[in-house]
Amino acid sequence: MIEARHLRVLRAVAATGSFSAAARELGCTQPAVSQQMKALEGSAGTPLLIRTGREMRLTEAGEVLVRHASGILAGLTAAEEEVAAIAGLRAGRVRLVSFPSGSSTLVPTALAALRAAHPGTRVSLVEAEPPRSIEMLREGDCDVALAFRYGGGRAGRQADGQAEWDDLVVRPILADRLVGLVPEGHRLAGAGSVGMAELAEESWIAGCPRCRRQLVDVCEEAGFTPRIDFATDDYPAVVGLVGAGLGVAVLPELAIESVRPRGARTVAVEPAVEREIVALTLPDLAQVPAVAATLDELTRAATRA
């Protein structure tokens with residue numbers, strides 16, 4: 001294998017015409033230059049210099065290497081500078097995937113702070129719910145995944161790819177409590193808190209598939225099976241349906257924070273149920289400065305929210 005340091009020596013020898021002159025230019029000894037030239041010829045498998053008395057000239061193979069050396073060394077220098085810029089957060093790219101309510105609440109604050117602190121770092125964003133976002137991280141399609149999981153209950157224990165995070169770096173962000181959402185004229189609209197069993201006879205509006213499973217799980221643990229009349233992945237649609245008096249819902253606080261709940265009132269529900277919001281990455285990626293900075297800003301965004 002041809003090494004860059006050997007190419008630098010060959011170029012110096014070709015430019016100066018002797019080992020001694022090349023050594024002076026490179027700031028090393030003449031024997032060191034001779035040794036590195038022998039190593040380069042060994043790697044190339046052919047002579048690169050012809051020595052005739054005090055004169056030294058390149059062989060055809062030597063001329064080829066010298067001709068390519070400038071471009072190779074220039075490319076290496078450019079690569080070193082670019083890597084140094086990334087390491088110093090003067091450059092870099094992070095691919096972020098987030099669930100929708102995280103995208104509208106935590107992500108904007110985090111990315112604005114990241115851009116202010118490190119304007120050379122670029123972040124791209126796509127949306128995906130877990131477990132798909134976790135799959136994207138493991139498959140190399142993103143660098144950071146903002147995700148969530150529910151604790152306890154059957155839905156929280158389901159082996160759908162979210163409970164098994166042992167191979168990932170997990171950065172806790174916040175605990176997002178579920179709250180009830182009822183129409184303004186509902187009998188429980190003014191209640192301080194509501195037991196889930198008090199909503200047993202209501203018409204229900206359910207959210208995303210995971211939230212839907214969690215709703216059924218929580219209701220069954222309260223002693224009833226919810227009658228789900230409407231189901232949608234769109235949180236504003238859930239809020240709109242509740243506001244129109246078509247049913248009640250239980251949504252994460254982040255989801256309600258991102259929507260103006262016209263015609264609807266929030267109420268605390270008992271027993272309390274929370275989903276854990278986390279930022280995930282792979283162990284090797286956690287060492288990349290731009291990824292580490294993104295994780296830090298997502299964590300800080302929770303305190304600013």
Side-chain angles (χ1 to χ4, degrees), residues 1-97 114-115 117-124 126 134-145 166-169 280-295:
M1 181 179 292
I2 296 175
E3 298 184 25
R5 61 194 178 99
H6 295 157
L7 288 179
R8 290 189 177 94
V9 171
L10 174 63
R11 190 172 61 173
V13 170
T16 61
S18 74
F19 285 178
S20 298
R24 287 193 296 271
E25 181 176 305
L26 296 171
C28 61
T29 64
Q30 187 271 342
V33 171
S34 177
Q35 185 178 29
Q36 292 196 49
M37 284 305 307
K38 286 180 182 178
L40 179 56
E41 288 182 325
S43 298
T46 186
L48 303 174
L49 296 167
I50 298 174
R51 303 163 185 82
T52 56
R54 293 185 177 181
E55 294 184 359
M56 187 174 295
R57 62 185 177 85
L58 295 170
T59 64
E60 183 178 358
E63 291 176 351
V64 168
L65 272 183
V66 169
R67 187 169 71 248
H68 285 283
S70 295
I72 293 170
L73 295 173
L76 283 173
T77 299
E80 289 169 352
E81 291 177 353
E82 189 170 344
V83 169
I86 292 171
L89 283 174
R90 299 192 305 275
R93 181 193 66 170
V94 178
R95 298 167 299 165
L96 172 65
V97 61
L114 184 67
R115 175 174 291 184
H118 310 292
T121 299
R122 304 189 315 276
V123 181
S124 61
V126 296
I134 314 302
E135 294 170 0
M136 291 174 66
L137 179 61
R138 290 195 173 108
E139 291 168 0
D141 294 328
C142 69
D143 305 307
V144 175
D166 291 345
D167 60 324
L168 304 176
V169 173
L280 305 169
T281 192
L282 297 170
D284 288 344
L285 286 173
Q287 308 304 314
V288 176
V291 171
T294 302
L295 294 175

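Please read these numbers as outputs of a predicted model, since none were measured by experiment. Quick note: residue numbers are just sequence positions, from 1.
Looking at Val9 and Leu40, their side chains never come closer than 4.5 Å, going by heavy atoms from C-beta outward. With contacts defined as side-chain heavy-atom distances shorter than 4.5 Å, the pair Leu73/Arg8 qualifies. Two residues are said to be in side-chain contact when any heavy atoms from C-beta on lie closer than 4.5 Å; Asp167 and Arg138 meet this criterion. Residues Leu10 and Leu58 meet the side-chain proximity criterion, which asks for heavy atoms closer than 4.5 Å. Two residues are said to be in side-chain contact when any heavy atoms from C-beta on lie closer than 4.5 Å; Thr281 and Leu168 fail this criterion. Side-chain contact between Thr59 and Leu49 is absent, with no heavy atoms from C-beta onward closer than 4.5 Å. Inter-residue side-chain proximity for Val66 and Glu63 is flagged as unmet; no heavy-atom pair is nearer than 4.5 Å.
The neighbour count for Glu60 CD, taken as heavy atoms of other residues, nucleotides or ligands under 6.0 Å away, does not exceed 12. Taking a 6.0 Å sphere around CD of Glu82, one finds it holds 12 or fewer heavy atoms contributed by other residues, nucleotides or ligands.
A donor-acceptor pair under 3.5 Å links the side-chain atoms of Glu41 to the main chain of Leu48, judged by distance alone.
For the pair Cys142 and Val97, the tightest heavy-atom approach, listed with the atom from each and the gap, is SG-CG1, 3.4 Å. In this structure, Glu25 and Ala12 approach most closely via the heavy-atom pair OE2-CB, 4.0 Å. Residues Val169 and Pro283 come closest through the heavy atom pair CG2-CA, 3.7 Å. Between Cys28 and Val33, the shortest heavy-atom distance links the atoms SG-CG2, 3.6 Å. Closest approach of Ala290 and Thr121 over heavy atoms only: CB-CG2, 3.9 Å. Across Leu114 and Ala293, no two heavy atoms sit closer than the pair CD1-CB, 3.7 Å.
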